[in-house]
Each structure stands twice: as C-alpha cells, then as structure tokens.
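Reviewing the structure listed below.
Since the structure is predicted, the reported quantities are computational estimates derived from the model, not experimental observations.
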Amino acid sequence: MRHYLSKIPKISKYWILLIALLVIRKSYANHYYIPSESMQPTLEVGDYVLVFKRDYDRHQPGRGDVVVFEDPRNEDILMVKRMIAVPGDEVQIVNDRLWINGIAASYDEVEVGEAGDFGIGEFIDDRLAIRECVLDSCRVIYKIPGITHPNINFIVPAESYFVMGDNRDNSADSRYWGFVPSKNIVGRASRVLWNFNFRQTIPSGDLTRMGQRL
C-alpha cells in the first residue's frame, strides 16, 4: 500500500491556493490580469495575480503592498499599483527622490540575479533597475535616465491613498490623477498565479513566474 501511496504527487501550497480560488473567488479572492508594463519589474504583461478581497477588512493597506483598485477616473476599470503612502502621511517627491514623513528613500544598486540578472549600472532597454527603500518597505523600480517628473508636496487625506507604479517613468498613477479613495480598493495582490500573454500575435507564457510572491 505504501508503495502505491508514494506515487501520488504531493499537492503544493500553490495548487491549494488555485483550488481555493475557484471555490471562494466571489467573496474572498479573485485573479487579475496584468495588461501593461506599469508595474515592471515586479509584474509582467500576461501575469495573472491572486487578489485577496477581504484582506483589508481588519486593517488598512500597508506601505509597500501591491493593491488592485477601481480607477478613480472610471470605476469600471481595475488597476494595480504599489501602495506608497497612507492617510496622514506627508509625501514629497523632490528631483525624483521620494520622501515620506520627512524620511528620504534610499536608492541602491540591485544585486545580479535579483530582478532579471542585472544591476544598477546595466541597462534593460533604456531603463535602470534600482532598489528603493523608505520607512518599512523596499522594492525594485525601473528608471529611465534623463526623464524627470514634477516635484510634489502634500499630506494624504483621510480615507485616501497614494500609489505609484514600479516602472516609474511608464506609469499613470497618483502623481498625475490624484488619490485612491479607500472605497475603491478591491484587495491585496499576493502572488503570481501564472503568466500567459494572449494579446500577442503568437500567444506565449512564462512558467517560471508561477507562484512568485509579490
């Protein structure tokens, strides 16, 4: 008997999540398709991410979370961005350096192998990969040398959030269209379920991204 049982494949936590998603998706979880490059290198076009819809029932979104929300300009459209600041935070962006509550973000080189086998001095197309850390969160972002954005300084209002894409020079976000109301937040993106880009002439996918945590 043990001989036959040993041939039964073990069920990983990843597949348990997929099964659970099919069962409870309407109330507790769902998936979201990534259609654009605005969250690279964290999320790639064609990623399907697992979104926990009830994660913020007991607490507010945290700085650094990847969140899915209804676009404040058109609530029929869902978007995904990085949570940068929460209600009451003072946010400054001066010469493209982020400050939160008077604390400046640090910007350091990315070690080889961490975000696609490149470092801060190596270009991906025309972009540089940089690790940005501020307060209690870090992430790898893309920057294009020579591109700048307007300086900003404000305090995030109550029941509102400030979000940005990790692909900083290719992201329409709170820097340009304002804050995300708390009522618009759908949930927290937890991990990549799978990657399949069917919008190309020849559909393709990247199996190596399955199960990656965000």
With sequence neighbours excluded, what pairs up with Glu44 under the side-chain hydrogen bond (donor to acceptor under 3.5 Å, both in side chains) test? Gln40

Do other residues, nucleotides or ligands put more than 12 heavy atoms under 6.0 Å from Gln60 CD? yes

Linked, directly or transitively: Ile103 and Met164 (ILVMFWY side chains, under 4.5 Å): yes

Does a salt bridge link Asp206 with Arg209, judged by any charged N lying under 4.0 Å from a carboxylate O? no

pair Tyr107-Leu98: side-chain heavy atoms closer than 4.5 Å: yes

Between Arg213 and Ser190, is there a donor-acceptor pair closer than 3.5 Å when you use the side chain of the first and the backbone of the second? no

Which atom pairs, one a donor and one an acceptor, fall under 3.5 Å between side chains of residues 148-157 and the rest of the protein, sequence neighbours left out?
| unit_1 | atom_1 | unit_2 | atom_2 | d |
| --- | --- | --- | --- | --- |
| His149 | ND1 | Tyr176 | OH | 2.5 |
| His149 | NE2 | Asp169 | OD1 | 2.6 |
| Asn151 | OD1 | Asn95 | N | 2.9 |

Do Val67 and Tyr161 sit in the same hydrophobic cluster, where Ile, Leu, Val, Met, Phe, Trp and Tyr count as joined when their side-chain heavy atoms come under 4.5 Å apart? yes

Quick one: closest heavy-atom pair of Ala129 and Val140, and the distance? CB-CG1, 4.2 Å

Should Met39 and Val49 count as side-chain neighbours, where that means a heavy-atom distance under 4.5 Å? no

Taking a hydrophobic cluster as the set of Ile, Leu, Val, Met, Phe, Trp and Tyr residues connected by side-chain heavy atoms closer than 4.5 Å, whether directly or through intermediates, do Val68 and Val180 fall within one such cluster? no

So how far is it from Phe162 CZ to Asp173 CG, rounded to the nearest 0.5 Å? 6.5 Å

Test ring-ring contact (aromatic ring centres under 6.0 Å, His included) applied to Tyr32 - qualifying residues, sequence neighbours left out: none

Within-4.5 Å side-chain heavy-atom neighbours: Arg188 and Asp65: yes

Side chains of Val192 and Leu43, heavy atoms from C-beta outward: is any pair under 4.5 Å? yes

Are Met210 and Asn195 side-chain neighbours, meaning at least one heavy-atom pair lies under 4.5 Å? no

Could you grab the distance from atom CH2 of Trp99 to atom CD of Gln92, nearest 0.5 Å is fine? 7.0 Å

Should the pair Glu132-Lys143 be classified as a salt bridge under the 4.0 Å nitrogen-to-oxygen rule? no

In the structure I gave you, are the side-chain heavy atoms of Arg191 and Gln212 within less than 4.5 Å of one another anywhere? no

Does the side chain of Pro35 come within less than 4.5 Å of Tyr33's, by heavy atoms? yes

Using distance only, find each side-chain donor-acceptor pair of residues 76-91 under 3.5 Å and give its atom names and separation, not counting sequence neighbours.
| unit_1 | atom_1 | unit_2 | atom_2 | d |
| --- | --- | --- | --- | --- |
| Lys81 | NZ | Ser38 | OG | 3.1 |
| Lys81 | NZ | Ser171 | OG | 3.0 |
| Lys81 | NZ | Ala172 | O | 3.3 |
| Arg82 | NE | Asp166 | OD1 | 3.2 |
| Arg82 | NH1 | Gly64 | O | 2.8 |
| Arg82 | NH2 | Thr42 | OG1 | 3.2 |
| Arg82 | NH2 | Asp166 | OD2 | 2.6 |
| Asp89 | OD1 | Arg63 | NH2 | 2.9 |
| Asp89 | OD1 | Asn101 | ND2 | 3.1 |
| Asp89 | OD2 | Arg63 | NE | 2.9 |
| Asp89 | OD2 | Arg63 | NH2 | 3.4 |
| Asp89 | OD2 | Val86 | N | 2.9 |

Could you tell me if the side chain of Asp47 sits less than 4.5 Å from the side chain of Phe196, heavy atoms only? no

Locate the shortest heavy-atom distance separating Asp108 from Ser106; write the atom from each residue and the value. OD2-OG, 3.7 Å

Would you kindly confirm whether Val186 and Trp177 end up in one hydrophobic cluster when ILVMFWY residues are joined by side chain heavy atoms under 4.5 Å apart? no

List, by chain and then residue number, the residues other than Ile147 in its hydrophobic cluster (Ile/Leu/Val/Met/Phe/Trp/Tyr, side-chain heavy atoms under 4.5 Å); write none if there are no others. Ile144

Salt bridge (Lys or Arg N to Asp or Glu O under 4.0 Å) partners for Arg73, two or more places apart: Asp71

Measuring from Leu50:CG to Trp194:CH2, what's the distance to the nearest 0.5 Å? 9.5 Å

Assigning hydrophobic clusters by single linkage (Ile, Leu, Val, Met, Phe, Trp, Tyr; side-chain heavy-atom cutoff under 4.5 Å), is Ile93 placed with Ile130? yes

Minimal heavy-atom distance between Pro61 and Ile185, with the atoms involved, is CG-CD1, 3.7 Å

